[in-house]
Amino acid sequence: MPELPEVEVLGRHLGSLLINKAVRSVQVHRQKSIRPTSARRMRDQLVGAKFKSIKRRAKYLIFEMQPAGGKPVFILLGHLGMTGRMYLQPKTVDLPKHAAVVLELVRHNFIFEDTRYFGRMTLGAGALDTLGPELLSEEFGGDVLREALSKSAQAIKVKLLDQSVVAGIGNIYASEALFHAGISPRKAARRLTRAECAALVVAIRGTLTKAIECGSTVPLDFSGAGERNGLFYFGQTDEWAGYYDEELLVYDRENESCARCGNPIRRIVQVARSTYYCPGCQRA
DNA sequence: CACCATGTTCCTTG
DNA sequence: CCAAGGAACATGGT
């Protein structure tokens with residue numbers, strides 16, 4: 001279910017439910033989902049430990065865990081992949097078909113469910129080391145972006161998905177941000193001007209910040225059992241119409257007219273992923 | 001049956 | 001050594 005805004009909202013939600021709760025036992029249903037951590041180490045570390053804090057870095061959830069007996073805190077990392085979900089359920093409710101990992105609390109199970117099993121729950125923060133600057137942080141700005149792009153001949157849209165360049169953008173918001181900045185997704189990264197880089201940073205921040213605000217106001221069902229399934233991409237669900245004051249302007253709108261200039265929106269494929277853009281507003 | 005999907009990692013090629 | 005392209009991972013929806 002992830003792009004950065006979903007992960008951010010999920011993290012806040014889980015924080016309110018999990019802080020100071022202790023793990024009583026651990027069920028690993030899919031070894032693949034905890035790679036390279038072993039099920040045994042997972043249990044050894046987690047059983048008896050309490051959730052101390054929950055933070056987000058890019059699309060990762062960082063669970064800071066406090067073991068019993070004054071042992072040092074350690075990190076449990078979560079990444080949702082394409083279809084991951086995390087939520088609490090009373091133990092009386094049956095586990096979902098694609099439960100990957102279940103952390104048993106007192107009366108609830110903390111469930112990591114993942115239909116396609118692309119996500120992960122692992123021990124240690126090592127996966128964060130290769131990430132580029134955090135999108136919403138102060139140190140990320142037009143100059144930092146420009147420097148990161150300066151040597152690449154790859155299309156800007158493709159570079160935006162590279163988590164070592166900029167950490168946190170996904171396929172949906174990459175298209176949206178380029179539209180807002182008026183930059184063609186095909187433009188070679190190194191050809192972006194200083195002004196374009198500055199505009200792109202503003203567009204990225206604006207798009208993601210707005211999405212987080214919207215996601216925070218919608219009544220979500222993180223288990224995905226009902227309609228409100230934890231996703232809150234703008235315009236996804238008609239019944240949410242009243243909650244949104246903006247929606248996705250290009251993503252998944254092939255052949256619809258651009259809200260700004262009326263030209264039909266185009267879909268192209270870059271590195272095997274769809275890109276949507278307006279040929280009128282985003283000139284090559 | 002065909003094609004598409006919010007993401008990352010690994011392997012090959014140049 | 002690096003950049004870039006593509007397949008792979010696994011399941012479900014249309």
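Sequence lines set the chain letters: A, B, ... in the order given, protein chains first and strands last, and positions in each chain run from 1.
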To the nearest 0.5 Å, atom CZ of A/R260 lies from atom CG of A/N263 at 11.0 Å
Note on DNA chain C: ranges paired as stems (three or more Watson-Crick/G-U pairs in a row, both atom distances under 3.5 Å) are B:2-5 with C:11-14, B:7-14 with C:2-9
By side chain to side chain donor-acceptor pair (under 3.5 Å), A/H29 pairs with (sequence neighbours left out) A/Q27
A/D162 CG to B/dG7 C1', in whole Å, measures 13 Å
The complete set of side chain to side chain donor-acceptor pair (under 3.5 Å) pairs with one or both residues in residues 46-55 of chain A, sequence neighbours excluded, reads A/S53-A/E64
Inset, instruction - For C/dG13 versus B/dT8, give the span between their P atoms, rounded off to a whole number of Å. - result: 23 Å
By side-chain contact (heavy atoms from CB on, under 4.5 Å), A/R191 pairs with (sequence neighbours left out) A/K187, A/A188
Applying side-chain contact (heavy atoms from CB on, under 4.5 Å) to A/D252 and not counting sequence neighbours gives A/Y276
Scan nucleotides 2-4 of chain B against the protein and return all N/O pairs shorter than 3.5 Å with their distances rounded to 0.1 Å.
none

Collect all protein-nucleotide pairs involving nucleotides 5-9 of chain C in which both atoms are nitrogen or oxygen and the distance is under 3.5 Å.
| unit_1 | atom_1 | unit_2 | atom_2 | d |
| --- | --- | --- | --- | --- |
| C/dG5 | OP2 | A/Q154 | NE2 | 3.3 |

Residues pairing under side chain to side chain donor-acceptor pair (under 3.5 Å) where one sits in residues 31-42 of chain A, two or more places apart or in two chains, turn out to be none
Scan nucleotides 9-14 of chain B against the protein and return all N/O pairs shorter than 3.5 Å with their distances rounded to 0.1 Å.
none

Tabulate protein N/O versus nucleotide N/O from nucleotides 12-14 of chain C, keeping only pairs under 3.5 Å, one per line.
| unit_1 | atom_1 | unit_2 | atom_2 | d |
| --- | --- | --- | --- | --- |
| C/dG12 | OP1 | A/K97 | NZ | 3.1 |
| C/dG12 | OP1 | A/H98 | NE2 | 2.7 |

Residues passing the side-chain contact (heavy atoms from CB on, under 4.5 Å) test with A/Q270, sequence neighbours excluded, are A/A155, A/K157, A/V158, A/P185, A/R186, A/I268, A/T275
Only pairs under 3.5 Å count here: list side-chain donor-acceptor contacts from residues 126-134 of chain A, not counting sequence neighbours, and write none if there are none.
| unit_1 | atom_1 | unit_2 | atom_2 | d |
| --- | --- | --- | --- | --- |
| A/E134 | OE1 | A/R57 | NH1 | 3.0 |
| A/E134 | OE1 | A/A58 | N | 2.8 |
| A/E134 | OE2 | A/R56 | NH1 | 2.7 |
| A/E134 | OE2 | A/R56 | NH2 | 3.2 |

